[in-house]
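As structure tokens, the structure follows; a few thoughts come after it.
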Amino acid sequence: MIDAELRAGILSEALPHLKRYNDQIVVVKYGGNAMIDEELKQAVISDVLMLHLVGIHVVLVHGGGPEISAMLKKTGTESHFVNGLRYTDEQTMDIVQMVLCGKVNKELVSLPDGRGIGLGGMDGNLFEAVKLDDGENDYGYVGKIESVNCQIVKDVIEKGYIPVISSVACGLDDHHSYNVNADTAASALAGALHARKLILLTDIAGLLADPSDPTSVIEEVKLSRLPELINSDVISGGMIPKVDCCVEAVRQGVENASIIDGRVPHSILIELLTNEGIGTMFSQEVI
Ligand code: ADP
Ligand code: MG
């Protein structure tokens, strides 16, 4: 246990950070182990609630990959991924919607002391998507977000609640639901809301220079370094949408975007309220 003076010192060191983020929106994508492990889940929720109570507007966007895979397994459907994205046929989409908008969303909403309000991409047409078409692969009902109607999220924030958002989208040209990678949804929302920061919580220490070496975290990525990184093939699988999302958010005007380790308790507080931060931060040349 640390003594009271040291504790007070640590708290007061957070002041410049609290000032910087006061009344600002921070979008947090919540996924991976931090969503499954009960202790980590409590730590994430208490961080979110604390930031909310000190005047930082946290918006939680969640995935639910492991829960979706578990439910698909129960129904005898195989999960398969193309470029880090879940191939989504009609039946998979039904399950994605049931699990994300139902079970996972409502469980999360119930946690932060009655301050959570659950929303999905269909609410107020929050996320409007078309079928993702990269000209090479078929992803089924995976959506590419075309527009974000974020007024509903602003309203929820204004009323003093924490928006908890599941990453499904409504069709822009049809009445189908689309599965959207939660990193992508968080990034698009951060851009639309003019968020100050985007945080992607995941199961790895950050972007690794050598994916087999967990100590090789790249702490900072200026956008100009990207072509070099992409050409060096260090980015693969689920890290592809993550890096794309951080870059896109920063291009949309979000000050910086970070990929941080959700396995570390209170990593959100470390990233937002300490000088050191954690994980990999993407930003423009000068911040
Ligand atoms: P999430 O559920 O948080 O979206 P994903 O599994 O989709 O997590 O994406 C993170 C995964 O990306 C890591 O666990 C790792 O296996 C993979 N990955 C590929 N290349 C890298 C890299 N250069 N650095 C870190 N992780 C990488
Ligand atoms: Mg992923």
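If you read the sequence from its start, that first residue is 1, and numbering goes on from there. Order of listing sets the numbers, starting from 1, for every ligand and every atom in it.
Ser236 O, 2.9 Å is the protein heavy atom nearest to atom 19 (C) of ligand 1. Among protein heavy atoms, atom 1 (P) of ligand 1 sits closest to Lys242 NZ, 3.3 Å. What sits closest to atom 12 (O) of ligand 1 on the protein, heavy atoms only, is Met239 N, 3.3 Å. Of all protein heavy atoms, the one closest to atom 2 (O) of ligand 1 is Gly32 N, 4.0 Å. Nearest protein neighbour of atom 6 (O) of ligand 1, counting heavy atoms only, is Gly238 CA, 4.6 Å.
Heavy atoms of Gly63 stay at 4.0 angstrom or farther from ligand 1. The closest approach between Gly206 and ligand 1 falls below 4.0 Å for a heavy atom of the residue.
A salt bridge (charged side-chain N to carboxylate O under 4.0 Å, His left out) check over residues 190-206, counting only residues at least two apart or in different chains, returns the pairs Arg196-Glu255, Lys197-Glu271.
When non-hydrogen atoms are compared, ligand 1 lies under 4.0 Å from the side chain of Ile204 (C-beta onward) but not from its backbone. By the criterion of a heavy-atom distance under 4.0 Å, neither the backbone nor the side chain of Leu200 is placed next to ligand 1. Neither the backbone nor the side chain of Arg86 comes within contact range of ligand 1; no heavy atom lies under 4.0 Å.
Asp123 contributes a side-chain N or O that, together with a main-chain N or O of Gly120, makes up a donor-acceptor pair within less than 3.5 Å. A donor-acceptor contact shorter than 3.5 Å is absent between the side chain of Ser167 and the backbone of Gly63. Checked by atom type and distance alone, the side chain of Asn256 never pairs as donor or acceptor with a backbone atom of Met281 at under 3.5 Å. Side-chain N or O atoms of His52 include one that pairs as donor or acceptor with a backbone N or O of Gly160 at under 3.5 Å. A distance-only check finds no donor-acceptor pair linking the side chain of Thr280 to the backbone of Ile259 [under 3.5 Å]. Side-chain N or O atoms of Ser267 include one that pairs as donor or acceptor with a backbone N or O of Asp261 at under 3.5 Å. Judged by distance alone, the side chain of Ser216 and the main-chain N or O of Asp210 form a donor-acceptor pair under 3.5 Å. Distance alone, capped at 3.5 Å, is enough to place a donor-acceptor pair between the Asn105 side chain and the Val164 backbone.
Salt-bridge check for Asp138 with Lys131: passed, with a basic side-chain N closer than 4.0 Å to an acidic carboxylate O.
Near Val234, the atoms of ligand 1 lying under 4.0 angstrom from a non-hydrogen atom of the residue are 20 (N), 21 (C), 22 (C), 23 (N). The contact set between ligand 1 and Asp183, taken as ligand atoms under 4.0 Å from a residue heavy atom, comprises 4 (O). Annotation for ligand 1: atoms under 4.0 Å from non-hydrogen atoms of Thr202 are 1 (P), 3 (O), 8 (O), 10 (C). Using a 4.0 Å cut-off to heavy atoms of Pro211, the atoms of ligand 1 that qualify are 23 (N). Residue-ligand proximity, Lys29 to ligand 1, at heavy-atom distances under 4.0 Å covers atoms 1 (P), 3 (O), 4 (O).
Checking only distances, Asp203 never comes within under 3.5 Å of ligand 1, N or O to N or O. For the pair Leu208 and ligand 1, the shortest N or O to N or O distance falls below 3.5 Å.
Distance screen at 4.0 Å: atom 4 (O) of ligand 1 has a protein heavy-atom neighbour inside the cut-off. Distance check for atom 26 (N) of ligand 1: a protein heavy atom is found below 4.0 Å.
Residues meeting the salt bridge (Lys or Arg N to Asp or Glu O under 4.0 Å) test with Arg225, sequence neighbours left out: Glu228.
Side chain to side chain, Asn83 and Tyr139 meet the donor-acceptor criterion of an N or O pair below 3.5 Å.
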